[in-house]
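Throughout, residue positions are numbered sequentially from 1 according to the sequence presented.
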Amino acid sequence: MGGLISCMSGRDGRSPSASPPPPAAKRRSSASSRRSAAKAAEIDEQALAAAAALVLGQRGGGAFDRSASVRYAAKRQQQGPPLPRSSSTRPRSLADPELQPQHLLAKDLNTKDLETNIIVLVHGGGFGAWCWYKTMSLLEDSGFKVNAIDLTGSGIHCSDTNKITSISEYAEPLTSYLKGLGDAEKVILIAHDFGGACISHAMEMFPLKVAKAVFLCATMLTNGHSALDMFQQMDTNGMLQKAQEFVYSNGKDKPPTAIKIDRALLRDLLFNQSPAKDVSLASVSIRPIPFAPVMEKLTLTEEKYGSVRRFFVETTEDNAIPLSHQQSMCAANPPEKVLRLKGSDHAPFFSRPQALHKALVEIATLPPAQSS
């Protein structure tokens, strides 16, 4: 998901001209239809503005140079050496190679005594609930109740990614789950990658139902900003540009509808420290990332979003969201605590499952915050 940088220009390299939004679906009333059309027009306007800014950056040799062309093997060979497998030269650590839950069980931990023992896992862009299989096993063996959610158009969710037009639509499976909780029930939300924006949206909607929020190398935004804003600021040395491919299901003269990651570059970008079997699983399971939610600017208030305890988990060998940028997000929007997973790529649930488990248990077992 780290490839979500900016909208692209049209085929001729010029900024595409504005065009009317696609017709709205049938609504129960003309008022809701007008609101839907206005929202679509706003999304189109923002996307085209991003494309225009991109073209200016390309012409000026700025930092936002991007390529949306389809990448074939022959073209990739002309792009120079492959992406680095790691930001360091050391081999992947063998200290955390296989899942061994019996070695990590907190035998003295009674999760029923915690503020909550319910954990909800929210995947990142392109991923699905499937990516959490190791983490789920470890947490369940430690006594937690674990739910891994497929966001709209992700994993086995049947929706068409190209038709998702807002973050509320994309995160609907998560917000529906929270809405269905009992009045006294709380959960710990754990989000990876673009899932950070989704749980931020959910925290604003249901702050009283979230005991803690954990951002795992995830988009931790501030009020009025989008994931697109965040990724435009990243310095990734061209790695994301090589891997991202835009999908224009509504035509090249319209904003992109989704983003794909070149499967040939998945390992280099996302899984440079992960076992081969997990890379294989991801290569057949990853789906396109809806573009509209990436552009949407979030409204996050101190009274709601700001009232939830936030934690951030850094990944040191991350080629998708570099450690330096993770630290910048934390500096701009400080969480209660920052933990670090040494030797982890952008998929710590694959590359460092035991270390991730330890960090999550540490956060889950922190006592409730004292009332002031």
Side-chain angles (χ1 to χ4, degrees), residues 1-8 10-11 16 19-28 32-33 35-48 50-51 68-71 122-132 148-177 191-199 201-202 219 226-228 231 243-263 266 270 281-296 298:
M1 172 3 229
L4 311 180
I5 306 295
S6 65
C7 178
M8 307 310 299
R11 286 192 180 94
S19 58
K26 291 183 178 180
R27 305 296 183 187
R28 293 184 177 179
S32 61
S33 178
R35 286 195 297 270
S36 177
K39 181 65 175 178
E42 180 183 357
I43 291 174
D44 275 11
E45 183 179 353
Q46 292 173 352
L48 295 175
S69 60
V70 178
R71 295 157 183 81
V122 182
H123 62 80
F127 289 82
W130 52 266
C131 72
W132 297 107
I149 290 179
D150 276 321
L151 299 175
T152 305
S154 305
I156 62 173
H157 196 284
C158 61
S159 293
D160 182 354
T161 302
N162 294 290
K163 296 180 179 179
I164 300 171
T165 60
S166 67
I167 198 165
S168 61
E169 183 180 358
Y170 183 53
E172 191 275 335
L174 170 61
T175 53
S176 290
Y177 172 85
H192 172 243
D193 187 80
F194 183 52
C198 296
I199 68 167
H201 170 75
T219 50
S226 67
L228 181 66
F231 284 107
Q244 66 185 7
E245 300 176 1
F246 286 81
V247 179
Y248 296 85
S249 68
N250 295 328
K252 285 280 187 163
D253 59 333
K254 302 287 181 63
T257 52
I259 302 169
K260 297 191 298 184
I261 302 297
D262 188 334
R263 293 181 187 272
L266 278 177
L270 304 176
L281 170 64
S283 69
V284 298
S285 303
I286 279 184
R287 294 177 63 180
I289 307 155
F291 187 66
V294 177
M295 293 180 51
E296 187 169 338
L298 299 186

Close side-chain approach of Ile286 to Ile261, heavy-atom, < 4.5 Å: no
Intermediate values then yes/no, side-chain contact (heavy atoms from CB on, under 4.5 Å), Trp132 and His123: CA-CA 8 Å; Trp132 297 107; His123 62 80; 3.9 Å; yes
Inter-residue atom distance Leu151.CG - Arg287.CZ, 0.5 Å rounding: 11.0 Å
Side-chain heavy atoms of Pro288 within contact of Asn162, under 4.5 Å: no
Tyr170 vs Thr161 side-chain heavy atoms within contact, under 4.5 Å: no
Nearest heavy atoms of Gly124 and Asp193, plus distance in Å: CA-CB, 3.6 Å
Minimum heavy-atom distance Ile259-Gln244, with the two atoms named: CG2-CB, 4.2 Å
Minimum heavy-atom distance between His201 and Thr175, given as atom pair plus value: CD2-CG2, 4.0 Å
Nearest-0.5 Å distance, CD1 of residue Ile289 to CZ of residue Phe291: 11.0 Å
Heavy-atom pair of closest approach, residues Tyr177 and Ile149: CB-CD1, 4.0 Å
Where Tyr248 and Pro256 come nearest, the two heavy atoms and their spacing: CE2-CG, 3.7 Å
Straight-line distance of Asp253 CG to Asn250 CG, nearest 0.5 Å: 9.0 Å
Phe127 side chain reached by Leu270 side chain, heavy atoms, under 4.5 Å: yes
Nearest-0.5 Å distance, OG1 of residue Thr165 to NZ of residue Lys163: 12.0 Å
Pairwise distance CG(Leu174) to SG(Cys198) - rounded to 0.5 angstrom: 7.5 Å
Close side-chain approach of Thr152 and Pro173, heavy atoms under 4.5 Å: yes
Atom of Ser283, atom of Leu266 and distance for their closest heavy-atom approach: CA-CD1, 3.8 Å
Pairwise distance CH2(Trp130) to CD1(Ile156) - rounded to 0.5 angstrom: 13.0 Å
Flag, side chain of Asp150 to backbone of Gly128, donor-acceptor distance under 3.5 Å: no
Ser249 backbone acceptor or donor facing Thr257 side chain under 3.5 Å: yes
